[in-house]
Amino acid sequence: LYRSCWVCFATDEDDRTAEWVRPCRCRGSTKWVHQACLQRWVDEKQRGNSTARVACPQCNAEYLIVFPKLGPVVYVLDLADRLISKAGPFAAAGIMVGSIYWTAVTYGAVTVMQVVGHKEGLDVMERADPLFLLIGLPTIPVMLILGKMIRWEDYVLRLWRKYSNKLQILSSIFPGGSSKTCYWGLALAASAWKCLCLHELF
Ligand SMILES: [Zn+2]
Ligand SMILES: [Zn+2]
């Protein structure tokens, strides 16, 4: 026995890859519908108003419409929106800031443990001033993100190029020092630091 879609009348035979849903109280052959067909049908009924209620034309059961295409970001925003309307804007903002802050603290602590080692990192943080940790740890991810967003090493190199002529003169005054070596050393250090930042972020 094949399922058949009440929108397009196609059966399992016609399309073996289509996704099927049973969204209402209908029984028998009319209970099945293609996911895509139902979506199209609902869209036509709603005419752009995504909050409009839509019901099955046969059993009159209201369709529960979920939006799986919207990613987790939209879900979080929606949740935050509902929180704000319930708990008041200030409480919700406080919760948001608090959770972002604690995420940053956790990320900072994880970064410290990754850089200096798990046990050593824990030791360092246990011995450190708690106030220092509460301010210092969240700045680590902020610095990492800034380090990734701002092309600061280009800026440093530009500055270096601008002043390297003077340094050349300096190095000719002080024999033994080569500004070219310094330049490449700095470029290497800058790109290595950037690599580290990217590595820590992802
Ligand atoms: Zn269909
Ligand atoms: Zn129905």
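Fair warning: this is a prediction, and the values are worked out from it, not measured in the lab. Counting starts at 1 for both ligands and their atoms, following the listed order.
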Heteroatoms of the protein, restricted to N/O/S, which lie under 2.8 Å from the Zn ion (ligand 2): Cys24 SG, Cys26 SG, Cys56 SG, Cys59 SG
Trp102 vs Tyr107 side-chain heavy atoms within contact, under 4.5 Å: no
Heavy-atom side-chain contact between Ile140 and Leu137 under 4.5 Å: yes
Nearest heavy atoms of Val112 and Gly121, plus distance in Å: CG1-CA, 4.2 Å
For Thr30 against Cys26, the heavy-atom pair lying closest together: OG1-CB, 4.1 Å
Within one Ile-Leu-Val-Met-Phe-Trp-Tyr cluster: [X] and [Y], side-chain cutoff 4.5 Å:
X      : Y      : value
Trp32  : Trp41  : no
Leu134 : Val124 : no
Leu144 : Tyr101 : yes

Pairing of Asp123 and Lys119 as salt bridge, 4.0 angstrom limit: yes
Heteroatoms of the protein, restricted to N/O/S, which lie under 2.8 Å from the Zn ion (ligand 1): Cys5 SG, Cys8 SG, His34 ND1, Cys37 SG
Plane angle bin for Trp20 and His34 - parallel if under 30°, tilted between 30 and 60°, otherwise perpendicular: tilted
